[in-house]
Amino acid sequence: QVQLVESGGGLVQAGGSLRLSCAASGSIFSIYTMGWYRQAPGKQRELVATIASGGSTNYADYMKGRFTISRDNAKNTVYLQMYILKPEDTAVYYCNAVYSVQRAGVPRSSWGPGTQVTVSS
């Protein structure tokens, strides 16, 4: 099984910044897409951003340029740099990876356990 471990969450004042990291480990042939999702209390999980192996990215519109996703393929790690954080960004942030374990293998998906981001006003 591929394991995902998030780090970098915590408590920050409004207007501050955080950098989340997610490292994938295990038997991996190729990771197609890595991404970040978040879930606030009482709300459904929503997309934050994804990044494909070739570097193309997809961001949720609400981010308005405040978040940047990046990826280190050699380390199987995805990052989320968050700027000018707002209280409404408070949520559990989850890492996701879509990958295969062998050539032409069936795509698989794994989720990390999540990391709490709390933005105080």
Under 3.5 Å donor-acceptor, [X] side chain and [Y] backbone:
X	Y	answer
Arg71	Ala52	yes
Arg45	Arg38	no
Thr90	Glu88	no
Glu6	Cys95	yes
Thr33	Ile51	no

Exercise. Flag the pair Val117 / Met82 as yes when at least one side-chain heavy-atom distance between them is below 4.5 Å, and no otherwise.
Key: yes

Quiz prompt | Any side-chain heavy-atom pair of Ile28 and Asn76 under 4.5 Å | solution = yes

Would you name the heavy atoms of [X] and [Y] that are closest together and state the gap between them?
X	Y	value
Ile31	Ala24	CD1-CB, 4.0 Å
Val92	Gly114	CG1-CA, 3.9 Å
Phe29	Val101	CB-C, 3.5 Å
Ile84	Arg66	O-NH1, 3.0 Å
Pro107	Val98	CB-CG1, 4.3 Å
Lys43	Gln39	O-NE2, 3.1 Å

Self-check item: Ring-face cation contact, Tyr79 with Arg19, 6.0 Å cut, 45° max
Solution: yes

Practice problem: Check the surroundings of atom CG in Leu11: do more than 12 heavy atoms from other residues, nucleotides or ligands lie under 6.0 Å from it? | Solution: yes

Just checking, any donor-acceptor pair under 3.5 angstrom between side chains of [X] and [Y]?
X	Y	value
Asn96	Ser110	no
Thr118	Gln116	yes
Gln13	Ser120	yes
Tyr32	Ser100	yes

How long is the span from the [atom1] atom in [X] to the [atom2] atom in [Y], to the nearest 0.5 Å?
X	Y	atom1	atom2	value
Ser53	Tyr99	OG	OH	15.5 Å
Met34	Leu80	CE	CG	12.0 Å
Ser30	Gln102	OG	CD	12.5 Å

Self-check item: Reference residue Tyr59; test side chain to side chain contact (heavy atoms under 4.5 Å, CB included); the match among Ile69, Thr50, Leu47, Val48
Solution: Ile69

Practice problem: Determine, step by step, whether Leu85 and Leu18 satisfy the side chain to side chain contact (heavy atoms under 4.5 Å, CB included) criterion, reporting the C-alpha distance in whole Å, the side-chain angles of both residues, the deciding distance to 0.1 Å, and the verdict. | Solution: CA-CA 8 Å; Leu85 284 162; Leu18 284 174; 4.0 Å; yes

Quiz item: Between Phe67 and Trp36, does a ring pair (Phe, Tyr, Trp, His ring centres under 6.0 Å) hold up when you go through it step by step?
Solution: CA-CA 11 Å; Phe67 294 1; Trp36 292 94; over 10 Å; no

Quiz item: Shared ILVMFWY cluster between Tyr94 and Leu20, side chains joined below 4.5 angstrom?
Solution: no

